[in-house]
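A short write-up of the structure that comes next.
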Amino acid sequence: MNIFVAKLGRNTTSDDLNALFSQYGEVTSTKVIMDHETGYSKRYGFVEMANDDEAYKAIEDLNDSEFDGSNIVVKKSTPRG
DNA sequence: CGTGAGCGT
């Protein structure tokens, strides 16, 4: 299950998402999108979880929760296409 | 509302 995470704090990193989501199940990979030239976070990211049911649990539990001083959005990802 | 990179694997 790939998960899209938006409205992250500007200090939030892939490791932070990993720590957050791994509480609900096995996290396969995480990524926070950063501008590769400025180093500024784009304030959104992706989490991939091994188990779909745990992923859904993480989504409903973490969506609209406070993280790094901000309320975050967690939902299913769509591929880049 | 808001959907990703790498640099040669």
Would you please test A/L62 and A/F67 for side chain to side chain contact (heavy atoms under 4.5 Å, CB included) and show each step?
CA-CA 9 Å; A/L62 295 174; A/F67 188 63; over 6 Å; no
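Nucleotides B/dG8 and B/dG4 have their P atoms positioned 23 Å apart, rounded to a whole Å. Here the separation of B/dA5 from B/dT9, taken at their C1' atoms, is 12 Å to the nearest Å.
The outermost nucleotides of DNA chain B lying under 4.0 Å from heavy atoms of chain A, listed 5' to 3', are B/dC1 to B/dA5.
Once rounded to the nearest 0.5 Å, the distance linking CG of A/D61 with OH of A/Y24 reads 3.5 Å. With rounding to the nearest 0.5 Å, the separation of CZ in A/R43 from CE in A/M34 is 10.5 Å.
Residues A/E66 and A/N71 have side chains not in contact (no heavy-atom distance under 4.5 Å, counting atoms from C-beta outward). Between A/E48 and A/S29 there is a side-chain heavy-atom pair separated by less than 4.5 Å. Side-chain contact between A/L20 and A/I72 is present, with heavy atoms from C-beta onward closer than 4.5 Å.
Contacts between residues 7-14 of chain A and DNA chain B, counted as heavy-atom distances below 4.0 Å, involve A/K7.
Results of the side chain to side chain contact (heavy atoms under 4.5 Å, CB included) test with A/S77 over A/V47, A/I3, A/N2 single out A/N2 as the only residue that passes.
A/F4 comes within 4.0 angstrom of a base, heavy atoms only. Across all strands, A/D35 comes closer than 4.0 Å to no nucleic acid atom at all (heavy-atom distances).
With hydrophobic clusters built from ILVMFWY side chains whose heavy atoms lie under 4.5 angstrom apart, A/F4 does not share a cluster with A/M1.
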